2 protein chains.
Amino acid sequence: MEYEAAKEKFISTWGSLGTLWGINKAMAQIQALLFISTKPLATEEIMEELKISRGNTSMNVRQLIDWGIVTKELVPGERREYFSTEKDVQELARIIAKERSRREIRPVIKTLEEISRVKDDGSAKTRELIKQTKALHDLAETADSMLRKVVDQKQHWLTKSVLKMIK
Amino acid sequence: MEYEAAKEKFISTWGSLGTLWGINKAMAQIQALLFISTKPLATEEIMEELKISRGNTSMNVRQLIDWGIVTKELVPGERREYFSTEKDVQELARIIAKERSRREIRPVIKTLEEISRVKDDGSAKTRELIKQTKALHDLAETADSMLRKVVDQKQHWLTKSVLKMIK
DNA sequence: TTAAACTTTCAGTAATTTTTGAAAGTTTAT
DNA sequence: ATAAACTTTCAAAAATTACTGAAAGTTTAA
């Protein structure tokens, strides 16, 4: 495979993965483009490479910045803004895990807690709702806690030792 | 909160979570409904509870069966099919993690491998593509391996010991 | 203060995804 | 073989989500 083909494949693979993970296609593709770029890119260059509009580029770059995945690079003497993404995959994973926990898992945990405090009228169906909601709550808490901590500072030794344990 | 309100909240929360995870709303809601039901439900009952069409119900139940999350229950002497979902959350998590690995993570890993074998022309951009693709590949492998094994048989002791380690 | 160079916003449009419902298909009992 | 009771399919419609592009906004330099 030649460079151009490989690059396109990378961007489109990453783009469709994004959709699957609740990130839209353009956003994922911009990140992919920056991820394999050897230098920061300006809006214009992103638009051209991905064949998307200025507005689309602007909004999605902003979202990536919101997520903490992309940063503005100010090139001295240059008016326009350049963008680059976090290049270290471990750090990238850390940021994504943290944001997903905050945006998605935490709110669900809160709702499950609320639901499990439904008025217990003693009926079988109410009991079942309480029981199942609590079980899910516990699972979500455990998963979230693992996600956040595993991915935190201690990745290196932890990854290694966990893998050793379960192999 | 009264039972009916709690139930509706549970179903709608689960429904929107589903969307976020690449499962459609109806599919997630059907699973939610079965999850808190005290008995298996027939198509007709699902339609009524969720106010969705017969076709929609049929297609989404079939998908849930495909995923291995829902099973047909044959009630002796009854013509129609009843459905129930896996009630144990640990088992549910196991199935979902396994399926997501198979359907989503594995194919991406394969593609990343392919891309990282791009013809190395020695240019900086090709080198960057190779380097970054390989880094992502490694990360994905590690994450997938952890996901699959952590969630496998050994959940109990593992969860406990990992949590102890990272706390 | 003006103008050039750029970024952001947002209403309208386009693309995608989900849902419906009626017709076709299947199964079981007689 | 027929019919009743049920399930599945799928083309069309509805709903949702993403994208465009032009106008408005911002920043910097002179």
Side-chain angles (χ1 to χ4, degrees), chain A residues 11-34 40-67 70-85 103-104, chain B residues 11-34 40-67 70-85 103-104:
Chain A
I11 291 171
S12 88
T13 302
W14 213 237
S16 41
L17 231 208
T19 309
L20 225 44
W21 284 85
I23 286 169
N24 83 24
K25 202 180 84 181
M27 189 171 156
Q29 289 190 336
I30 292 170
Q31 201 275 326
L33 179 63
L34 294 174
L41 301 179
T43 305
E44 206 73 33
E45 302 171 280
I46 297 171
M47 288 168 61
E48 267 171 38
E49 285 274 7
L50 303 180
K51 310 237 177 307
I52 60 178
S53 72
R54 192 172 295 281
N56 199 4
T57 306
S58 168
M59 292 185 99
N60 285 108
V61 166
R62 198 154 51 74
Q63 276 211 77
L64 284 165
I65 292 173
D66 256 25
W67 270 70
V70 161
T71 49
K72 286 188 190 176
E73 303 281 333
L74 297 173
V75 175
E78 281 266 18
R79 180 72 161 280
R80 82 182 82 177
E81 296 172 336
Y82 287 82
F83 305 99
S84 61
T85 190
R103 294 171 192 234
E104 294 153 30
Chain B
I11 291 170
S12 86
T13 302
W14 213 236
S16 39
L17 231 208
T19 309
L20 224 44
W21 284 83
I23 286 168
N24 83 24
K25 204 178 84 181
M27 188 170 154
Q29 289 190 337
I30 292 170
Q31 200 275 326
L33 178 63
L34 294 175
L41 301 179
T43 304
E44 206 73 35
E45 301 170 281
I46 296 172
M47 288 168 61
E48 267 171 39
E49 285 274 7
L50 304 180
K51 311 234 177 307
I52 59 178
S53 72
R54 191 172 296 282
N56 202 2
T57 305
S58 168
M59 290 184 99
N60 286 108
V61 166
R62 198 155 50 74
Q63 276 211 73
L64 284 164
I65 292 174
D66 256 25
W67 270 70
V70 162
T71 48
K72 286 188 190 175
E73 303 281 332
L74 298 173
V75 175
E78 280 267 19
R79 178 72 160 281
R80 85 181 83 178
E81 296 173 336
Y82 286 82
F83 305 100
S84 62
T85 190
R103 295 172 193 232
E104 295 154 29

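These numbers come from a predicted model, not from an experiment. Chain naming here is simple, since letters A, B, ... match the order of the sequence lines and numbering starts at 1 in each.
- Residue-level contact check: A:R80 touches the backbone only, with heavy atoms under 4.0 Å from sugar-phosphate atoms and none from bases.
- Taking 4.0 Å as the cutoff to heavy atoms of chain A, we find the contact window on DNA chain C bounded by C:dA4 to C:dC10.
- B:N24 comes within contact range of the sugar-phosphate backbone alone, with a heavy-atom separation under 4.0 Å but no base atom that close.
- Annotation: side chain of B:T43 is not in contact with side chain of B:R80 (no heavy-atom distance under 4.5 Å).
- Protein atom CD of A:Q29 is 13 Å distant from nucleotide atom C1' of D:dC19, rounded to whole Å.
- Put simply, CE on A:M59 is 17 Å from P on D:dA22, counting in whole angstrom units.
- Both B:R62 and A:A26 lie near DNA chain D, and the one whose nearest nucleotide falls closer to the 5' end is B:R62.
- For the pair B:A28 and B:G15, the tightest heavy-atom approach, listed with the atom from each and the gap, is CB-CA, 3.9 Å.
- Rounded to whole Å, the distance from CZ on B:R54 to C1' on D:dC10 is 16 Å.
- In this structure, CD1 of A:I46 is placed 14 Å from P of D:dC19, rounded to the nearest angstrom.
- In this structure, A:K25 places its NZ atom 16 Å from C1' of D:dT16, rounding to the nearest Å.
- Summarising the geometry of B:A32 relative to B:W14, their closest heavy-atom pair is CB-CD1, 3.5 Å, with the distance given to 0.1 Å.
- Across the protein-nucleic acid pair, B:Q63 atom CD and D:dT9 atom P stand 12 Å apart, rounded to whole Å.
- Put simply, CD on A:E45 and CG on A:L34 are 10.0 Å apart, with the number rounded to the nearest 0.5 Å.
- Between B:I65 and B:K72, the shortest heavy-atom contact is CD1-CG, 4.1 Å.
- Residues B:W67 and B:Q31 are not in side-chain contact: their nearest non-hydrogen atoms beyond the backbone lie 4.5 Å or more apart.
- When the nearest nucleotides of DNA chain C are assigned to A:T19 and A:G55 by heavy-atom distance, the more 5′-ward of the two goes with A:G55.
- For the pair B:R54/B:E44, a side-chain contact is recorded, criterion being any heavy-atom separation below 4.5 Å from C-beta on.
- Summarising the geometry, the separation between CD on A:E81 and P on D:dT28 is reported as 10 Å, rounded to the nearest angstrom.
- What separates CG of B:N56 from P of D:dT9 is a distance of 14 Å, to the nearest Å.
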